[in-house]
Structure formats: C-alpha cells, structure tokens
Amino acid sequence: MNKMHYSDETILEGIRLRRKAVLEYVYDECYPLIRNLIVKNNGEDEDVQDVFQDAMVIVFGKLKRDGLVLECSFKTYLYSVCHHLWLQKLERRKKFDKAFKNIAQTTELSEDELIEIYEQEDEKLRLYQKHFLSLASDCQEILKLSLKKLSIGELQIAMGYKTEKYTKVKKFRCKEELKRRIMNDSDYQLLI
Amino acid sequence: MTNHSRQIDRYLSGEMNSEEVTSFELELKLNAQLSRELSLSVEIDQMIVEDEDVLDFRKQLQAIHQKKAPSLNRTIKLREIGRRSYHIAAGIAALIMISGLLYLLIPKDYSNERLFSMYYSTEKVLNVSRSADNQLVEALFKYQQREFADASRLFEAILREDEANIVIRFYSGIAYIETQNYSEAIAAFKKILEGEENLYTEHAGWFLGLTYLRIDETDKALELFRGIMNDGDNYYSRQAEDITFKLTKRN
C-alpha cells in the first residue's frame with residue numbers, strides 16, 4: 001500500500017484543525033528526526049517528547065493567531081523550532097555545548113517565532129500545561145470547572161461528588177498537587 | 001503543600017473578609033515567597049482558562065505519542081507495564097471483592113491477618129507523574145516487578161535527597177509493607193500524616209491503620225478506622241466502616 005503523502009499546506013491546515021490523520025503523519029515523518037537531534041545532544045527520550053510537543057504547540061498557536069507562511073518545508077521549519085527549543089533548555093540547564101549551536105541551521109526563524117521560543121513567560125506556560133495534563137483526569141476537570149465561575153454546589157453536582165466539603169477539599173488538593181509538581185520541576189527552578 | 005497554600009486559596013476564592021485581605025496584601029509586600037506562590041497560582045488559573053484549546057491539542061498529541069511510540073523510551077514502557085499490571089490487579093481485586101462478599105455471607109471470626117488481607121489493595125492509589133528521574137524510574141521498575149527490597153533501597157536513596165517527596169514516601173511505605181518491614185511502613189505513613197493535607201493523606205491514614213492491624217496493634221488501628229469512618233468525605237470511609245464493624249463485633 002502506498003504511504004499517504006500530505007503537502008505542507010495540508011499539514012498546516014490539518015494542525016490548525018487538529019486533524020488526527022495529519023498529526024499522526026507529522027509524528028511519523030518528523031519525530032525520528034527530532035529524536036536524533038536531541039538524543040545525540042545530551043537529551044533523553046522524555047526531553048524529545050517535551051520538545052516535540054512544545055514545538056507543535058508553538059506551530060498550532062501561530063496558526064490559530066496569525067497564520068503561518070512557510071519559507072522552507074514544514075519538516076525543516078519544525079526541526080528549526082525544535083533546535084531552538086532544545087538549545088534554550090540546554091543553556092538553562094548549563095549543559096550547553098558549542099558544537100550543538102553549530103549544527104546546521106536549515107532555516108532562520110522570524111523574530112516573533114524566536115521571541116515565542118525564548119520568552120521566559122511562554123516557557124513557564126508550556127511547563128504549566130505539561131504538568132496540568134499529568135494530573136488525574138478528575139483533577140483536571142475540577143480545576144477547569146472551578147474557574148468557570150460555578151458555585152461550589154454547582155461544582156459538586158457537575159463532578160458528581162457527595163458533598164460540598166469534599167468538592168472543596170478535592171479542588172484544593174488538586175491545585176496543590178499541580179503546584180507541587182511544577183515547583184519540583186528542575187526546569188521551573190531555573191525559570192524563576 | 002506550602003505554609004501559604006490555604007491563605008492563597010482563600011484569597012483567590014474571595015473568602016477573606018476585608019481585614020484579612022488587608023493583612024494578606026501587606027504580607028505580600030513583605031514576603032517574597034508568598035508573593036511568588038500567589039503569582040504561580042494566578043498564572044496557573046490563567047493558563048487553564050486561556051489555553052483550553054492548547055490543552056486539548058496537547059492531550060491529543062499525548063494520545064498519538066502513546067499510540068505510536070510505545071518503544072521509544074523507558075517511561076512509556078513503564079506505563080505499559082503499569083497498564084498490564086493494572087489489568088492483572090483489577091482481576092485480582094475482583095476476585096478479592098467476590099471472596100470478600102462470600103466472607104460477608106458466612107459468619108466467621110476475623111483475625112487481624114485475615115482482615116488485613118481482605119482490605120489491603122494498592123490498586124487505586126499508585127499514580128506518579130511522568131517527570132521522574134532515572135533513579136525514580138528504576139525504583140518504580142523494581143516496584144512493578146515486585147522486587148520490593150530493591151525498590152525500598154532506591155526509594156530510601158531518593159528520599160535522602162528529596163525528603164519532602166510525598167509520593168515516594170507513600171510508595172516506600174507500601175514497599176515496606178510488602179517486605180514486612182512494618183515499623184518503617186508506619187514511620188513513612190506517619191510522616192505523610194504529620195505534614196499538611198495532600199493528595200496522599202487519606203491513603204496514608206488508611207494504610208497506617210491496616211499496618212497497625214497487621215502487627216496486631218488493634219486499638220491503634222481501630223482508632224484510625226473510626227476517624228476515617230466518621231469523615232464522610234474520606235475516600236475510604238465505607239471500607240473503614242466495614243472493617244470497624246467487623247473488628248468491634250469480633251471483640
């Protein structure tokens with residue numbers, strides 16, 4: 001069976017619309033390349049997953065906000081974003097290797113894109129998102145709902161809990177757990 | 001949990017009266033740690049509200065990653081082992097539940113050891129975040145392979161470096177039970193209970209009670225179970241009620 005091939009335009013549109021088939025295609029096509037880049041430069045598999053996901057989120061955000069016009073192939077563009085993201089992490093972790101910076105830069109990113117990658121606040125936000133998604137799903141749900149201006153009684157009903165007291169305690173504990181995970185993250189310590 | 005958590009929660013939820021607000025805001029100016037923690041809380045809330053579509057997008061990517069790359073790194077393998085163990089554990093738990101029902105139908109005396117076996121299940125409490133270092137991953141590997149003595153040693157090493165790590169403290173308590181090192185298990189659970197409330201408080205209380213039961217310190221176990229039973233919001237309140245009933249009926 002011939003393997004499906006998507007054009008760069010289709011890929012960008014697919015990412016913007018969160019089309020599963022396109023996202024899987026990007027994963028198949030680009031992840032091994034990014035893994036190679038990071039693992040060969042002081043990274044571990046967990047770093048690859050984080051950097052790849054952060055780069056995809058940056059692309060997604062850009063597509064949603066202002067659109068994205070590529071001046072190179074999508075693969076090259078994504079590689080470049082990942083390169084900068086990893087470079088930034090290495091610099092923070094003081095594991096910076098000059099040789100890494102000299103890896104062939106296949107494309108120049110715009111100033112906006114570089115700001116988004118290097119801006120400390122954006123990096124913090126990406127870290128918060130990662131830890132939020134590592135919480136149990138009921139914790140994610142209660143934290144989301146609690147910020148929708150529901151009363152504690154409404155929140156209790158929405159979550160299907162027995163009492164308001166339990167709902168309140170649960171919400172508090174979930175938030176505390178999220179804060180604990182963030183504060184214990186070594187990358188967070190380097191950001192504050 | 002930090003010392004300021006409750007204050008920050010009350011402040012952000014609008015539960016403070018005007019005097020408390022004034023005092024809290026004054027302390028904010030003087031206490032850099034409090035100010036940082038408040039900022040973190042506010043930033044987290046903003047992220048949850050403003051980035052809902054990004055969070056959904058990330059969730060989708062995570063699902064794709066798990067589906068497509070099960071062999072890419074150790075952490076994923078660990079999760080898969082965890083999932084397999086979960087199914088096995090769920091099967092065992094179902095058997096335990098059925099045998100528990102049979103026990104209820106047939107009146108009999110419950111020894112502490114029997115009660116411990118009936119109620120001791122770690123299936124629903126083991127949940128660790130992905131951001132683990134190599135030592136932690138290795139410790140969890142040992143744990144999942146039921147090599148509890150090795151897991152204990154690794155947990156102890158992690159705790160020497162990171163004394164406040166509640167998750168690992170809790171895991172170490174369970175590993176101590178499994179290696180029949182009950183005094184250390186008790187110490188681990190007590191340490192969790194001594195701190196401020198966290199996601200493991202309820203679990204630690206329940207397992208501390210079971211550990212006391214296992215070493216025949218029944219009065220201490222009963223005291224704990226009664227406390228859990230009377231806290232209607234506690235995750236284990238029903239089980240505590242059952243076990244208290246059995247223990248008091250027997251005595």
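Note on naming: letters A, B, ... go to the chains in the order of the sequence lines (proteins, then strands), and numbering restarts at 1 for each one.
The CG atom of B:Leu61 sits 10.0 Å away from atom CG of A:Asp54, with the distance rounded to the nearest 0.5 Å. Between the NZ atom in A:Lys175 and the CG atom in B:Leu40 there is a gap of 8.0 Å [rounded to 0.5 Å]. Atom CG of A:Leu143 sits about 8.5 Å away from atom CD1 of B:Ile44, to the nearest 0.5 Å. Here the straight-line distance linking atom NZ of A:Lys64 with atom CZ of B:Phe57 works out to 10.0 Å at 0.5 Å rounding. Going from atom CZ of A:Phe132 over to atom CG of B:Asp51 covers 10.5 Å, rounded to the nearest 0.5 Å. Note that NZ of A:Lys179 is 8.0 Å distant from CG of B:Asp9, once rounded to the nearest 0.5 Å.
In A:Lys124, the NZ atom is crowded: over 12 heavy atoms of neighbouring residues, nucleotides or ligands sit closer than 6.0 Å. Counting heavy atoms of neighbouring residues, nucleotides and ligands inside a 6.0 Å radius, atom CD of A:Gln189 exceeds 12 of them. Heavy-atom neighbours of B:Arg10 CZ from other residues, nucleotides or ligands within 6.0 Å: above the threshold of 12. Counting heavy-atom neighbours within 6.0 Å of A:Glu154 CD, excluding the residue itself, gives a total above 12. For NZ of A:Lys20, the number of neighbouring non-hydrogen atoms (other residues, nucleotides, ligands) closer than 6.0 Å is 12 at most.
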A:Arg173 and B:Glu202: side-chain contact (heavy atoms from CB on, under 4.5 Å), yes or no, with the steps?
CA-CA 11 Å; A:Arg173 285 184 185 168; B:Glu202 289 178 357; 3.2 Å; yes

Kindly indicate, with the supporting measurements, whether the criterion side-chain contact (heavy atoms from CB on, under 4.5 Å) is fulfilled by A:Lys171 and B:Ser13.
CA-CA 11 Å; A:Lys171 183 194 123 193; B:Ser13 309; 3.9 Å; yes

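For chain A, no part of B:Asp162 is nearby; none of its heavy atoms comes within less than 4.5 Å. B:Gln46 does not touch chain A: none of its heavy atoms, backbone or side chain, sits under 4.5 Å away. Only the side chain of A:Lys162 comes within contact range of chain B, with heavy atoms under 4.5 Å apart.
Among B:Asn165, B:Val49, B:Asp53, B:Asp45, the residue making the largest number of heavy-atom pairs under 4.5 Å with chain A is B:Asp45. Here A:Leu23 is the residue among A:Leu23, A:Ile15, A:Val48, A:Val26 with the most heavy-atom pairs under 4.5 Å with chain B.
Judged purely by atom type and a 3.5 angstrom limit, B:Gln60 uses its side chain to pair as donor or acceptor with the backbone of A:Arg18.
Every pair tested for ring-ring contact (aromatic ring centres under 6.0 Å, His included) that includes a residue from residues 173-192 of chain A fails, sequence neighbours excluded, so the list is empty.
For A:Phe52 and B:His65, the ring centers are positioned 6.0 Å apart or more.
Taking every heavy atom of both residues into account, A:Leu133 and B:Leu55 meet most closely at CD1-O, 3.8 Å.
Looking at residues two or more places apart in sequence or on another chain, you find a side-chain contact (heavy atoms from CB on, under 4.5 Å) between B:Asn31 and B:His4, B:Glu27, B:Gln33, B:Leu34.
Two residues are said to be in side-chain contact when any heavy atoms from C-beta on lie closer than 4.5 Å; A:Met56 and B:Arg58 fail this criterion.
Here B:Arg6 does not pair with A:Glu176 in a salt bridge; the nearest charged N to carboxylate O distance is not below 4.0 Å.
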